[in-house]
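Working notes, structure below.
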Amino acid sequence: MIYTMEDIAIVGRKTFFIAPVTEQMPETNLERLLSHGYEAYCIADDGICSLQKKVEAIIDLFPGSILFFHVDSMVSGIDWKSYIKQLCGANRDVKIGITYAARESGKERSAIEDYYSNEARVSCGTLAFTSDKDGNYELILSTLAHAGARGRRDIIRATCDSSSEARFPIATARIKDVNKSYFCCLFDKEQTSFHIYERFHNITMNINGMSFVSDAVLIMKHIRDGVNTYIFMFVREDGSTNLEQDQKQKLNKKIYQVITGERIRLMNDTFSKK
């Protein structure tokens, strides 16, 4: 978990969309955000506990987070204007913004933005969502970039389970972690025939139950206290970096499931006790 500003500067801020409209912010947008280094979640008003208690739990679990409240959603017991103004004035360790359905009336749009920007004093903007989910995604992406939500990391790594492995022609390694461009694996013994910048063909990858075959280049090896750590970069058949597009999409989805699954289980367990 994140507790200090130094940690936040390195690994970034988690982002939560509170009471969103699914058509405007579908899960596919969350997957796309993660592929760019932004960890984001949608928090629904689903009856497990009140939305206010969920927000309090999130603030306690993930200090430094960014919360976007969709102020057009009808939630029992919440008046968005007073609730968000109170939350902003409480000096909590979070950044707050709002989303709302775009208005045709310029006067109505100005009233919404004026209240939340100048009266409630939200710190992460007032974002007008439309039915164009791609446009909404680009708006969120630019807002999170401006807020420094990614920190200093460019790519998010997923820690793999004990069944994850990479099968080379002459050896098999346990995959420790993976991101969309690289994977780190552990061999039982030093592979003296493996050389830095050597390309390996047709490696069979099994990552938390998902399998595919890819080439990779060894870019680093580190051997200490009997631990043989090797880092490989994925390459395509033509020698360019990264995975083939279909493999990349599958891996991004798996990374999203691994990383968010642990957080979602933690939040649901906490919500159920509220």
Side-chain angles (χ1 to χ4, degrees), residues 1-20 25 29-30 33-34 36-46 48-71 73 75 77-100 112-127 129 139-157 159 256 259-274:
M1 294 182 195
I2 297 172
Y3 291 105
T4 69
M5 291 306 295
E6 182 179 358
D7 293 331
I8 291 170
I10 295 171
V11 302
R13 303 173 184 272
K14 292 176 177 57
T15 300
F16 298 88
F17 297 96
I18 311 298
M25 182 53 63
N29 277 2
L30 304 184
L33 286 172
L34 191 72
H36 285 88
Y38 299 102
E39 189 176 341
Y41 302 84
C42 286
I43 305 299
D45 178 33
D46 55 15
I48 295 178
C49 68
S50 72
L51 204 61
Q52 297 97 316
K53 289 182 178 179
K54 287 185 177 183
V55 170
E56 290 300 314
I58 288 168
I59 294 173
D60 289 340
L61 287 171
F62 309 111
S65 296
I66 298 173
L67 308 180
F68 285 101
F69 295 88
H70 192 72
V71 297
S73 294
V75 178
I78 293 184
D79 175 76
W80 289 118
K81 286 187 175 181
S82 60
Y83 176 66
I84 291 174
K85 183 178 180 180
Q86 181 182 23
L87 200 58
C88 289
N91 199 29
R92 305 297 295 273
D93 188 15
V94 290
K95 289 179 174 290
I96 295 173
I98 70 152
T99 63
Y100 66 97
I112 293 170
E113 294 182 354
D114 180 65
Y115 177 82
Y116 286 104
S117 296
N118 301 319
E119 182 73 20
R121 302 185 68 83
V122 299
S123 56
C124 269
T126 58
L127 309 184
F129 278 1
L139 181 59
I140 285 291
L141 192 64
S142 63
T143 301
L144 294 183
H146 182 74
R150 187 167 60 185
R152 293 201 294 268
R153 64 180 179 183
D154 292 325
I155 304 175
I156 296 179
R157 297 180 301 169
T159 300
Y256 172 79
I259 290 176
T260 61
E262 179 181 351
R263 305 279 192 262
I264 290 171
R265 285 190 293 272
L266 174 61
M267 285 189 285
N268 285 340
D269 182 62
T270 303
F271 295 160
S272 67
K273 296 175 182 176
K274 291 291 183 178

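We use all heavy atoms of the structure for the numbers below, so side chains are in, but hydrogens, waters and symmetry mates are not.
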Does Trp80 use its side chain to pair, donor to acceptor, with the backbone of Ser73 at less than 3.5 Å?
yes

Look at the side chain of Arg92 and the backbone N and O of Leu87, then say whether any donor-acceptor pair between them is shorter than 3.5 Å.
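Not confirmed, Arg92 side chain does not pair with Leu87 backbone.
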
Would you compute the distance between atom [atom1] of [X] and atom [atom2] of [Y] and round it to the nearest 0.5 angstrom?
{"X": "Glu39", "Y": "Leu33", "atom1": "CD", "atom2": "CG", "result": "11.0 Å"}
{"X": "Ile140", "Y": "Thr15", "atom1": "CD1", "atom2": "OG1", "result": "8.0 Å"}
{"X": "Glu119", "Y": "Lys85", "atom1": "CD", "atom2": "NZ", "result": "3.5 Å"}
{"X": "Phe129", "Y": "Leu139", "atom1": "CZ", "atom2": "CG", "result": "6.0 Å"}
{"X": "Ile58", "Y": "Ile66", "atom1": "CD1", "atom2": "CD1", "result": "13.0 Å"}
{"X": "Leu51", "Y": "Glu56", "atom1": "CG", "atom2": "CD", "result": "11.0 Å"}

Mind checking side chain to side chain contact (heavy atoms under 4.5 Å, CB included) for Gln52 and listing every partner two or more places apart, or none if nothing turns up?
Ser50, Ile78, Tyr83

Check for me whether the distance between the ring centres of Tyr100 and Tyr116 falls short of 6.0 Å.
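No, the ring of Tyr100 stays outside the 6.0 Å limit from the ring of Tyr116, centre to centre.
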
How close do [X] and [Y] get, counting heavy atoms only, and between which atoms?
{"X": "Ser65", "Y": "Phe16", "value": "OG-CE1, 3.5 Å"}
{"X": "Tyr256", "Y": "Leu34", "value": "CA-CD2, 3.3 Å"}
{"X": "Phe68", "Y": "Ile98", "value": "CD2-N, 4.0 Å"}
{"X": "Pro20", "Y": "Ile43", "value": "CD-O, 3.5 Å"}
{"X": "Cys124", "Y": "Ala147", "value": "SG-CB, 4.2 Å"}
{"X": "Phe271", "Y": "Ala57", "value": "CE2-CB, 3.8 Å"}

What's the verdict on side chain to side chain contact (heavy atoms under 4.5 Å, CB included) for Met25 and His70, showing C-alpha distance, side-chain angles and the deciding distance?
CA-CA 11 Å; Met25 182 53 63; His70 192 72; over 6 Å; no

If the threshold is 4.0 Å, N to carboxylate O, is there a salt bridge linking Asp269 and Arg265?
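Judged by the 4.0 Å cut-off on N to carboxylate O distance, Asp269 and Arg265 do not form a salt bridge.
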
Can you tell which of Asp46, Ile18, Thr270, Asp45 makes a side-chain contact (heavy atoms from CB on, under 4.5 Å) with Lys54?
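Among the candidates, only Asp46 passes.
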
Any chance CG of Asn91 has more than 12 other-residue heavy atoms, nucleotides or ligands included, within less than 6.0 Å?
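Open: at most 12 neighbouring heavy atoms sit under 6.0 Å from CG of Asn91.
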
Is any side-chain heavy atom of Asn268 less than 4.5 Å from a side-chain heavy atom of Ser272?
no

Does the side chain of Val71 reach to within under 4.5 Å of the side chain of Thr126, using non-hydrogen atoms?
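SC-SC contact between Val71 and Thr126 ruled out.
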
